[in-house]
Amino acid sequence: MKIIMLGAPGAGKGTRAAVIAEHYKIPHISTGDIFRANIKEGTALGLEAKGYMDQGLLVPDELTVKILLDRVAQDDCRDGYVLDGFPRNIPQAEVLDRELDKLGDAVDYAINVDVSDEVIVDRMAGRRACLKCGATYHVKYVPPEKEGICDKCGGELVLRHDDAPETVSHRLKVYHEQTKPLIDFYEAKGVLKSVDGTGDVKNALKDIVDILG
Ligand code: AMP
């Protein structure tokens, strides 16, 4: 099963992608996490990506598409995957379609996590991410057991540069201009599904299984 998560930054794509990955036993692939891992390791790719990410801009397609295609070509992706943060614009979606088409394959579902801009702004301010494993929390809505510490790996939780308020408004602008058109793109292909992103994350699995079966 090949699933794409759509939605504004902070809509809850990552949380739901993780639930889907666990339930359907497929890898959860986040291009944002791949970039952050590269930044942490100090690779040339990480250095280049960081400049764009810190400004709330998209990393150029030449870099992003290659990384994604390399990742989905790995063995663990044979039975499918859930993509979280890719595609982010129509050209990326078209490349993915072309590559899948070469394999006689296609995206099965694009799940749009629907949330208003006002809710996004409120959420991002309280979002915290683990420096070590990338898990995300929210000080109010999804707090870790121990303040500032990741439940999963014990890493330190921080406000990411790209979740800072001034960056968030850029990211929302980029979302509306470049990423939102993907809703119509996948609707036209008949694979679009929508979930209410303001619902309780505890019901995320039920919401998704209701849709995907
Ligand atoms: P995310 O964790 O998905 O919100 O991604 C964080 C940042 O990484 C984004 O704001 C972009 O700068 C960059 N990024 C992640 N995925 C992509 C993508 N598919 N295309 C371009 N930039 C991306």
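Just follow the structure's listing: the first ligand is 1, and inside any ligand the first atom is 1. Values below: every heavy atom of this structure, side chains too, minus hydrogens, waters and symmetry copies.
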Verdict with reasoning, Asp162 to Tyr52, per side chain to side chain donor-acceptor pair (under 3.5 Å): CA-CA 10 Å; Asp162 56 348; Tyr52 297 98; over 6 Å; no
Side chain to side chain donor-acceptor pair (under 3.5 Å) between Asp33 and His28, worked out: CA-CA 10 Å; Asp33 280 353; His28 169 191; 5.3 Å; no
Nitrogen or oxygen of Gly85 less than 3.5 angstrom from that of ligand 1: yes
Atom 16 (N) of ligand 1: nearest protein contact (heavy atom, Å): Thr31 OG1, 2.7 Å
Nearest protein heavy atom with distance in Å, relative to atom 6 (C) of ligand 1: Asp162 OD2, 3.4 Å
Proximity of Leu58 to ligand 1 by residue part, where a heavy atom lies under 4.0 Å: both
Nearest non-hydrogen protein atom, atom 22 (N) of ligand 1: Val59 N, 3.0 Å
For atom 9 (C) of ligand 1, the protein heavy atom that lies nearest, with its residue and separation: Arg88 NH2, 3.3 Å
Minimum-distance protein heavy atom relative to atom 20 (N) of ligand 1: Gln92 NE2, 2.9 Å
Identified salt bridge (charged side-chain N to carboxylate O under 4.0 Å, His left out) counterpart of Lys2 within the set Asp105, Asp79, Asp108: Asp105
Reported OH-to-CD1 distance for the pair Tyr109 and Ile208, which is rounded to 0.5 angstrom: 11.5 Å
Residue, atom name and distance, where the atom is the protein heavy atom closest to atom 4 (O) of ligand 1: Arg171 NH2, 2.6 Å
Heavy-atom nearest neighbour in the protein, as seen from atom 23 (C) of ligand 1, with distance rounded to 0.1 Å: Phe35 CE1, 3.8 Å
Close approach of Arg36 to ligand 1, heavy atoms, under 4.0 angstrom: yes
His161 side chain to Met53 backbone, donor-acceptor under 3.5 Å: no
Heavy-atom check, side chain of Lys40 versus side chain of Lys132, under 4.5 Å: yes
Nearest neighbour in protein (non-hydrogen) for atom 11 (C) of ligand 1: Leu57 O, 3.6 Å
Any side-chain heavy-atom pair of Arg36 and Ser30 under 4.5 Å: yes
Euclidean distance, Lys193 NZ relative to Ile4 CD1, rounded to 0.5 Å: 14.5 Å
Ligand 1 contacted by Gln55 (non-hydrogen, < 4.0 Å): no
